Chemist: 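Got a structure here, written out as structure tokens. Questions coming.
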Amino acid sequence: MRPIRRVWITRAQPGTARTAARLTALGYEPVVAPLLTIRAMPEALNAAPDLTTVAALAFTSPNGVAAFAALTPHLRALPVFAVGDATAEAARDAGFTDARSASGDIHALARLIKASPIDGLILAPGAREPAGDLPALLPDHKILRLPVYAAEETHVAPPADFDAVLLHSPRAARALVAILPPEAAAPRLAVCISAAAAAPLSALSFTEIRTADAPDETSVLTALGKSAGPV
């Protein structure tokens with residue numbers, strides 16, 4: 001496997017810029033070519049319940065927080081259950097005063113909600129095509145999904161020169177498989193945020209596929225390892 005210097009960032013903005021800054025600080029050269037773009041769905045509120053009946057909110061990504069906050073300039077006093085620390089921080093930045101982090105994946109989020117005394121409708125604003133099914137994990141709770149954004153493929157051409165690629169979601173991994181010739185993966189490393197994000201990559205020929213120990217970016221960067229230094 002080639003030395004790791006140039007790292008392809010596939011996630012959508014605004015996450016792309018945050019990841020690029022962290023990679024630069026670690027001595028890597030970020031290669032910015034997002035495979036996904038986020039499109040807000042303002043029509044979402046047409047399908048929303050009476051928001052005065054909502055007891056709490058559940059978010060599985062910062063993108064969901066941003067999209068929902070833009071649609072609803074109120075409701076900031078509602079308790080928020082967040083899948084991880086970055087999502088909880090995004091909720092606080094958006095003005096939600098009670099944001100609790102599950103510090104994990106969607107299963108950890110379900111456990112956090114189960115342990116809560118909150119009784120009533122929990123609204124889960126998120127992606128049109130979510131990576132997990134929160135209502136199915138909580139059959140004894142009133143969980144209502146509300147699609148507030150869509151992650152759409154950019155169909156960008158793969159970069160000509162990269163040593164490793166970061167995959168922050170199963171959707172990004174599927175988009176990668178659709179555009180990257182199998183042989184182009186051969187001398188390179190893929191680092192995935194979860195096993196679900198790694199699964200589609202079996203169709204390619206990466207020299208190595210690493211999975212983060214936890215579904216957060218700090219763990220992804222830890223799995224990437226140390227930079228080989230300047231070119």
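Start at 1 with the first residue, then count along the sequence. Keep in mind the model is a prediction, meaning the values are calculated, not measured.
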Chemist: Can you give each donor-acceptor pair under 3.5 Å made by side-chain atoms of residues 121-138, sequence neighbours left out, with the distance rounded to 0.1 Å?
Modeler:
residue, atom, partner, partner atom, Å
Asp133, OD1, Ala136, N, 3.3

Chemist: Heavy-atom distance under 4.5 Å between the side chains of Asp98 and Arg100, does that happen here?
Modeler: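 Contact flag for Asp98/Arg100 side chains = yes.
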Chemist: Please set out all donor-acceptor pairs under 3.5 angstrom arising from side-chain atoms of residues 70-90, sequence neighbours excluded.
Modeler:
residue, atom, partner, partner atom, Å
Thr72, OG1, Phe68, O, 2.8
Arg76, NE, Ala94, O, 2.9
Arg76, NH1, Thr72, O, 2.4
Arg76, NH1, His74, O, 2.6
Arg76, NH2, Ala69, O, 3.1
Arg76, NH2, Thr72, O, 3.2
Asp85, OD1, Ser101, OG, 2.6
Asp85, OD1, Ser103, OG, 2.9

Chemist: Taking atom CG of Asp119 as the centre, report whether more than 12 heavy atoms of other residues, nucleotides or ligands fall under 6.0 Å from it.
Modeler: no
Chemist: Does Thr24 reach the main-chain N or O of Ala20 with its side chain, forming a donor-acceptor pair under 3.5 Å?
Modeler: yes
Chemist: Would Val177 and Leu201 count as a side chain to side chain contact (heavy atoms under 4.5 Å, CB included) here? Give the steps.
Modeler: CA-CA 7 Å; Val177 170; Leu201 303 187; 4.1 Å; yes
Chemist: Which value, rounded to the nearest 0.5 Å, describes the distance between Ile118 atom CD1 and His141 atom NE2?
Modeler: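 Those atoms lie 9.5 Å apart.
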Chemist: Could you tell me which non-hydrogen atom of Leu35 sits nearest to which non-hydrogen atom of Ala172, and how far apart they are?
Modeler: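 Residues Leu35 and Ala172, closest heavy atoms: CD1-O, 3.5 Å.
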Chemist: Are Val191 and Ile193 connected in a single hydrophobic cluster, I mean Ile/Leu/Val/Met/Phe/Trp/Tyr linked by side-chain heavy atoms less than 4.5 Å apart?
Modeler: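 Yes, it is one cluster - the side chains of Ile193 and Val191 are joined through contacts under 4.5 Å.
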Chemist: Can you tell me how far apart CD (Glu183) and CG (Leu204) are? Round to the nearest 0.5 Å.
Modeler: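 If we round to the nearest 0.5 Å, Glu183:CD and Leu204:CG are 9.5 Å apart.
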Chemist: Can you name the closest pair of heavy atoms from Ile179 and Pro181 and give their distance?
Modeler: O-CD, 3.5 Å
Chemist: Out of curiosity, Leu180 CG to Phe206 CZ, how far, rounded to the nearest 0.5 Å?
Modeler: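 The CZ atom of Phe206 is 5.5 Å from CG of Leu180, to the nearest 0.5 Å.
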Chemist: Among the clusters formed by ILVMFWY side chains lying less than 4.5 Å apart, do Ile9 and Tyr28 turn up in the same one?
Modeler: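 In one cluster with Ile9: Tyr28, yes.
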Chemist: At their closest point, which heavy atom of Ser219 faces which heavy atom of Ala214, and how far apart are they?
Modeler: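 Closest pair (atom of Ser219, atom of Ala214, distance): CB-O, 3.2 Å.
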Chemist: Taking atom CD1 of Ile4 and atom CD of Glu29, what is their separation to the nearest 0.5 Å?
Modeler: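 Interatomic distance, Ile4 CD1 to Glu29 CD, rounded to 0.5 Å: 13.0 Å.
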Chemist: Can you list the residues that meet the salt bridge (charged side-chain N to carboxylate O under 4.0 Å, His left out) rule with Arg92, with sequence neighbours excluded?
Modeler: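 Not a single residue meets the salt bridge (charged side-chain N to carboxylate O under 4.0 Å, His left out) criterion with Arg92.
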Chemist: If you group Ile, Leu, Val, Met, Phe, Trp and Tyr by side-chain heavy-atom gaps below 4.5 Å, do Val32 and Leu26 land in one group?
Modeler: yes
Chemist: Rounded to the nearest 0.5 Å, how far apart are OG1 of Thr218 and CG of Asp213?
Modeler: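 It comes to 12.0 Å.
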Chemist: Closest heavy-atom contact between Thr154 and Pro34?
Modeler: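 Answer, listing the atom of Thr154 first, then Pro34: OG1-O, 2.7 Å.
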Chemist: Are Thr207 and Leu189 side-chain neighbours, meaning at least one heavy-atom pair lies under 4.5 Å?
Modeler: no
Chemist: Examine Val156 and Leu176 and state if one hydrophobic cluster contains both, with Ile, Leu, Val, Met, Phe, Trp and Tyr joined whenever side-chain heavy atoms are less than 4.5 Å apart.
Modeler: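 Same cluster: Val156 reaches Leu176 through Ile, Leu, Val, Met, Phe, Trp or Tyr contacts under 4.5 Å.
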Chemist: Looking at Arg210 and Ala223, would you say the former's side chain and the latter's main chain have a donor-acceptor pair under 3.5 Å?
Modeler: yes
Chemist: Nearest 0.5 Å please: distance from the OG atom of Ser116 over to the CZ atom of Arg111.
Modeler: 15.0 Å
Chemist: Please name all residues satisfying salt bridge (charged side-chain N to carboxylate O under 4.0 Å, His left out) with Arg174, sequence neighbours left out, ordered by chain then number.
Modeler: none
Chemist: Identify the two heavy atoms, one from Asp50 and one from Thr52, that lie closest to each other, and give their separation to 0.1 Å.
Modeler: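 For Asp50 versus Thr52, the nearest heavy atoms are OD1-OG1, 2.7 Å.
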Chemist: Identify all side-chain donor-acceptor contacts of residues 55-63 below 3.5 Å with residues at least two apart in sequence or on another chain.
Modeler:
residue, atom, partner, partner atom, Å
Ser61, OG, Asn63, N, 3.3
Ser61, OG, Gly64, N, 3.1
Ser61, OG, Tyr149, OH, 3.2

Chemist: Write down the atom of Ala12, the atom of Leu36, and the distance for their closest heavy-atom approach.
Modeler: CB-O, 3.2 Å
Chemist: Under the side chain to side chain contact (heavy atoms under 4.5 Å, CB included) criterion, do Glu217 and Thr19 qualify, and how do the steps go?
Modeler: CA-CA 8 Å; Glu217 181 157 275; Thr19 301; 2.5 Å; yes
Chemist: Check whether Thr37 reaches the backbone of Glu152 with its side chain - one donor and one acceptor, N or O, closer than 3.5 Å.
Modeler: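 Not confirmed, Thr37 side chain does not pair with Glu152 backbone.
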Chemist: Do Phe96 and Leu109 sit in one hydrophobic cluster, given that two such residues count as connected whenever their side-chain heavy atoms are within less than 4.5 Å of each other, even indirectly?
Modeler: no
Chemist: Taking the side chain as every heavy atom from C-beta outward, state whether Leu166 and Leu23 have any atom pair closer than 4.5 Å.
Modeler: yes
Chemist: Could you pull out all residues at least two apart from Pro159 that satisfy side-chain contact (heavy atoms from CB on, under 4.5 Å)?
Modeler: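 Checked Pro159 against side-chain contact (heavy atoms from CB on, under 4.5 Å); matches are Trp8, Val31, Ala33, Phe162.
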